[in-house]
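Ligands are counted one by one from 1 in listed order, and the atoms in each one are counted from 1 as well. Values below: every heavy atom of this structure, side chains too, minus hydrogens, waters and symmetry copies.
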Amino acid sequence: MSAHGEPRPLASHPVTGLTGTANVPGDKSISHRSLIFGAMAVGETRVTGLLEGQDVLDTASAMRAFGAEVTREEDGTWSIHGVGVGGFSEPEAVIDCGNSGTGVRLIMGAMATSPISATFTGDASLRSRPMGRITDPLALFGTAAYGRKGGRLPMTLVGAATPVPVRYEVPVPSAQVKSAVLLAGLNAPGQTVVIEREATRDHSERMLAGFGAEITSEDSPEGRVITLTGRPELRPQTITVPRDPSSAAFPVCAALITPGSDVLVPNIGLNPTRAGLFETLREMGADLSYENPREEGGEPVADLRARFSENMQGIEVPPERAPSMIDEYPVLSVVAACASGKTVMRGVKELRVKESDRIDAMARGLEACGVTIEEDQDTLIVHGRGPGGVPGGATCEARLDHRIAMSFLVLGMGAASAVRVDDAGPIATSFPIFESLMTELGARLEP
Ligand code: S3P
């Protein structure tokens, strides 16, 4: 089943010569945060370039339910009239975050230190994902959580009426956990400290500083130490959301594996906590260049240019790079299947608790397409078949996971015969224009 309707099977046929410019949508992580931080500021935050995917729209609805005024203007600008830190009101109905782990986990953090209760749910994928990683640190602030067995949604959170600040070492590399603790820390008195052993995406830290919070990050022998002073008055911001490197990954990888391709993907944020895939592809020998490199809003940005790359070689992806490319392993495994030799991806067990178990989803689908795979709990190894060497010809399960669906559709473009996914519906959560954008470049996607 797709997230919001009947399953929608889609086939991707082999093509040659993907060409043109791919204007991918706004960054999903920054879009969620723009809405949530905007709702916690006093006054009007204005946002352009917001990703209008279902995940982000669900977060917009949730912010309205907590009392913020969130509207979309005709020209596509979003306006958020925030209620201030600690100003959330109690929602009248259950908060449905759809498919979005980022949405539900950040919102839980944002309401956890206000004297209100809220009940959260989501689709079948989100209801199967662990929330204990969020409710454990929130309990330290004084927040109570009542969910299903294994810490699953639906779940009710009772916010702490008299929160205390927290010092928390994040046990898994997760920007969602880090951000939930920081958001809860906003309405706790004193200083909340989060320590992460491996640096994950730092959008929350950068944006909270922009909204006027007192927040510092320091690298120490125990990892990155982030210190936030509670109870700031957040000042509303004007935000231009950069384009999403995780969405850019799909046209880039499609071009690399499809003969005769030359695709430009302009204005992609290359924040080092997000750009691990592109570095990895270049190490594999991809013809991928960063054109017109520049800085925008304090972030490195470039236009990516990807051309068909006949001579890509499998590599060992350094495990310490995983947090900076965690969402890109599915599409990397597609490129790996079309490269020569073996690509080894270790230290990737977090993939098992994403929108689907992404190691299992990719392994089973790639095997069905004729690719040899080895895996264990924390590892995925793909034996490449060289350019044009993947037989394809199979139907792969999307498992309510947008990135799995898009990865297999990309594979179809460079395989010997078409690759089908059983449901392309979930793509709308993060990349609603994927089909039209890829078709314009020359892809052949058919129901
Ligand atoms: C995200 C963090 C990552 C990532 C997700 C977006 C974020 O999840 O997979 O798509 O915006 O903070 P984890 O924090 O679980 O690694």
For this session: Report the part of His203 (side chain from C-beta onward, or backbone N, CA, C, O) that has a heavy atom under 4.0 Å from ligand 1; answer both or neither where that applies.
Result: neither

For this session: Side-chain contact test, heavy atoms from C-beta onward, threshold under 4.5 Å: evaluate it for Arg201 versus Lys178 and give yes or no.
Result: no

For this session: Flag the pair Lys28 and Asp327 as a salt bridge only when some basic side-chain nitrogen lies within less than 4.0 angstrom of an acidic carboxylate oxygen.
Result: no

Exercise. Got the closest protein heavy atom to atom 12 (O) of ligand 1, with its distance?
Worked result: Arg33 NH2, 2.7 Å

Exercise. Is there side-chain contact between Thr192 and Tyr168, with at least one heavy-atom pair below 4.5 Å?
Worked result: no

For this session: Just say parallel, tilted or perpendicular for the rings of Phe434 and Phe250, cut-offs at 30° and 60°.
Result: perpendicular

Problem set entry | Test item: Gln176 and Arg133 side chains (from C-beta on) under 4.5 Å apart, heavy atoms | no

Seminar exercise, completed: Among Glu328, Lys354, Glu350, the residue with a heavy atom nearest to atom 13 (P) of ligand 1 is Lys354

For this session: Give yes if a backbone or side-chain nitrogen or oxygen of Ser179 is under 3.5 Å from a nitrogen or oxygen of ligand 1, and no if not.
Result: no

For this session: Evaluate the criterion salt bridge (Lys or Arg N to Asp or Glu O under 4.0 Å) for residue pair Glu279 and Arg321; output intermediate values, then yes/no.
Result: CA-CA 10 Å; Glu279 206 178 324; Arg321 195 179 287 164; 3.4 Å; yes

Seminar exercise, completed: Of Ile30, Thr102, Leu351, the one whose closest heavy atom lies nearest atom 1 (C) of ligand 1 is Thr102

Exercise. Purely on distance, is any nitrogen or oxygen of Ile326 under 3.5 Å from one on ligand 1?
Worked result: no

Exercise. Atoms of ligand 1 less than 4.0 Å from Asp327 heavy atoms?
Worked result: 4 (C), 5 (C), 9 (O), 10 (O)

Exercise. Is Gln176 close to ligand 1, meaning an N/O of one under 3.5 Å from an N/O of the other?
Worked result: yes

Exercise. With a 4.5 Å heavy-atom cut-off, do Pro426 and Asn99 have their side chains touching?
Worked result: no

Exercise. Should the heavy atoms of other residues, nucleotides or ligands under 6.0 Å from CD of Glu73 be counted, would the total exceed 12?
Worked result: yes

For this session: Please work out whether any backbone atom (N, CA, C, O) or any side-chain heavy atom from C-beta onward of Lys178 is under 4.0 Å from ligand 1, and answer side chain, backbone, both or neither.
Result: neither

Exercise. Can you list the atoms of ligand 1 that are under 4.0 Å from a heavy atom of Ala175?
Worked result: 12 (O), 14 (O)

For this session: May I ask you to list the atoms of ligand 1 that are less than 4.0 angstrom from any heavy atom of Ser174?
Result: 13 (P), 14 (O), 15 (O), 16 (O)

For this session: Could you tell me whether ligand 1 has any atom less than 4.0 Å away from a heavy atom of His32?
Result: no

